[in-house]
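The structure appears below as structure tokens.
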Amino acid sequence: MTYHPKSEFIHTMMQRGFLADCTDYQGLDEAMLKGAQPGYIGFDATAKSLHVGSLIQIMMLRWLQKTGGKPITLMGGGTTKVGDPSFRADERPLLGPEQIDDNIAGIKRVFSAYLSYGDAPTDALMINNAEWLDGLNYLDFLRDIGRHFSINRMLSFESVKSRLDREQSLSFLEFNYMILQAYDFMELHRRYGCILQMGGSDQWGNIVNGIDLTRRVIDGEVYGLTSPLLTTSDGKKMGKSQSGAIWLNGDMLSPYEFWQFWRNTTDADVGRFLKLYTELPVDECDRLGALAGSEINEAKVRLANEVTALLHGSEAAAAAEATAREVFEKGGIGDDLPTLTLSAADLGDGISIVQLLVKSGLAGSGKEAKRLIAENGARLDDQPLTNAGLILDAKALASPIKLSAGKKRHALVQIG
């Protein structure tokens, strides 16, 4: 569509590639001109950290704040007890209140790197939907809220339809999730004046439900905006790597490993990722993304540095780059590599190279480690590993060793 926005927020969303769809471009655009308008994204507390798959949403909230809006990070302390069925093949495991609170505390640390919380007009708010969901009276809720939802319409939403089409179980508990999410939007509008819900395009149905409910029950004018569901140019889901989820908390994934994930971006994704995940001017993102040959590698280093600096700070980004250059260009070990520290008990009479590849995270299983060795993809101190039966003892580990899987993934192993 061709729409020329007046507000800096909508202009930024469109120009940098954040915008998949909006319920009312003009209405939201004009509303954003009226000062510090609150907008929210909901995050369920299913783990102690968010991963890279959530980073596009976090950046949307950051841009909302930078362009004069007021971001709300809504933690699903209540909805996590139910589980979002959107595009899942199975039911989420249910968590207890203590685990949920622990997870929220971990996720808060991530948000604080991107958003400024406080009492100023554009300062972010962190709100837990348990605030209104935990005290709901079921019969009152059914009478006042449930009557506004058509089962026929709910069954037509893609997130539900895809589960039913595959004849996979969808519990009544999960089916309620979209009603609770709609109720969240209404309560945020009523309590905090929130006019906007954002989310991935898989949330479109849930967002529209919230807009309809807010209009019907309290006659509120609210809007929805979705971002594209991101996959890499080779079709992989954003946020996953060979060794697992790319967590945003530094104690779950080191800054070096985070930096390395971005450094390994495929050539075709560099320009797009620079626009979405950094604050570099759009013209510069386009210029870097158009580089070819060996020059594109420097663009990837720039991407890795910018994204890592936003999350972990510029010192961590510089240290990660220095380690990478030491490891890749000079064949050294580097100070910042992921490190596996073994105790004497771990070591015993010796430990197999296959176990070390698995324990260090370079292989997902013993079978994968053996295949890596058989295909000449594993190295020990930069020398090809050919013997899958190799056992290393205390003498062999007297000084740290460097393990490598392919050209880009490395780890140190040492005795603590």
[atom1]-[atom2] distance between [X] and [Y], expressed to the nearest 0.5 angstrom:
X      : Y      : atom1 : atom2 : result
His312 : Phe258 : NE2   : CZ    : 5.5 Å
Tyr117 : Lys108 : OH    : NZ    : 8.5 Å
Asn305 : Ser314 : CG    : OG    : 10.0 Å
Arg143 : Asp140 : CZ    : CG    : 4.5 Å
Leu125 : Arg191 : CG    : CZ    : 13.5 Å
Asn387 : Ile353 : CG    : CD1   : 9.0 Å

(request) Tell me yes or no: between the side chains of Ser365 and Glu368, is some donor less than 3.5 Å from an acceptor? (result) no
(request) Only counting residues at least two apart or in another chain, list the ones meeting ring pair (Phe, Tyr, Trp, His ring centres under 6.0 Å) with Tyr192. (result)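 With neighbours one apart ignored, the set is empty.
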State, with a plain yes or no, whether a side-chain heavy atom of [X] is found less than 4.5 Å away from one of [Y].
X      : Y      : answer
Gln260 : Ile246 : no
Asn249 : Arg109 : yes
Glu8   : Lys66  : no
Lys48  : Asp251 : no
Phe9   : Leu196 : yes
Ile218 : Met186 : yes
Leu180 : Phe141 : yes
Val301 : Arg325 : yes

(message) Quick one, Val217 with Asp144, criterion side-chain contact (heavy atoms from CB on, under 4.5 Å). Give me CA distance, side-chain angles, the key distance, then yes/no.
(response) CA-CA 8 Å; Val217 177; Asp144 299 336; over 6 Å; no
Is the side chain of [X] donor-acceptor paired with the backbone N or O of [Y] at a distance under 3.5 Å, no angle test?
X      : Y      : answer
Asn128 : Ala130 : yes
Thr23  : Gly224 : yes
His189 : Ile195 : no
Arg62  : Tyr114 : yes

What residues form a side chain to side chain contact (heavy atoms under 4.5 Å, CB included) with [X], not counting sequence neighbours?
X      : answer
Ser116 : Gln65, Asp123
Thr265 : Trp262, Asp269, Val270, Phe273, Leu303
Asp101 : none

(message) Can you confirm whether more than 12 heavy atoms, excluding those of His11, are under 6.0 Å from its NE2 atom?
(response) no
(request) Before accepting this row, confirm whether a basic side-chain N of the pair Arg302/Glu306 lies closer than 4.0 Å to the acidic partner's carboxylate O. (result)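 Result for this pair is yes, salt bridge flagged.
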(request) Give a yes or no on whether a salt bridge exists between Glu295 and Arg287, defined as a side-chain N under 4.0 angstrom from a carboxylate O. (result)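 Salt bridge: no.
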I need the minimum non-hydrogen distance between [X] and [Y], along with the two atoms involved.
X      : Y      : answer
Leu115 : Pro71  : CD2-CG, 4.0 Å
Asn206 : Met178 : OD1-CB, 3.0 Å
Phe185 : Thr214 : C-OG1, 4.1 Å
Ser201 : Ala20  : CB-CB, 4.5 Å
Val358 : Ala369 : CG2-CB, 4.3 Å
Cys285 : Leu280 : SG-O, 3.6 Å

(message) Applying side-chain contact (heavy atoms from CB on, under 4.5 Å) to Thr278 and Arg16, what does each step give before you reach the verdict?
(response) CA-CA 10 Å; Thr278 81; Arg16 299 190 78 96; 4.1 Å; yes
(message) Once side-chain hydrogen bond (donor to acceptor under 3.5 Å, both in side chains) is applied, do any residues pair with Asp184, and if so which ones, sequence neighbours excluded?
(response) Asn129, Trp132
(message) Apply side-chain hydrogen bond (donor to acceptor under 3.5 Å, both in side chains) to residues Ser54 and Gln57 and explain how you reach the verdict.
(response) CA-CA 5 Å; Ser54 297; Gln57 316 299 340; over 6 Å; no
(message) Determine whether Leu380 and Leu403 satisfy the following criterion, side-chain contact (heavy atoms from CB on, under 4.5 Å), listing intermediate values before the conclusion.
(response) CA-CA 5 Å; Leu380 170 60; Leu403 288 179; 3.9 Å; yes
(request) Start with the C-alpha distance between Tyr223 and Cys22, add both sets of side-chain angles, then the distance that settles side-chain contact (heavy atoms from CB on, under 4.5 Å), and finish with yes or no. (result) CA-CA 8 Å; Tyr223 308 92; Cys22 180; 5.5 Å; no
(request) Could you note down all residue pairs passing side chain to side chain donor-acceptor pair (under 3.5 Å) where residues 31-41 supplies at least one of them, sequence neighbours left out? (result) Tyr40-Gln197
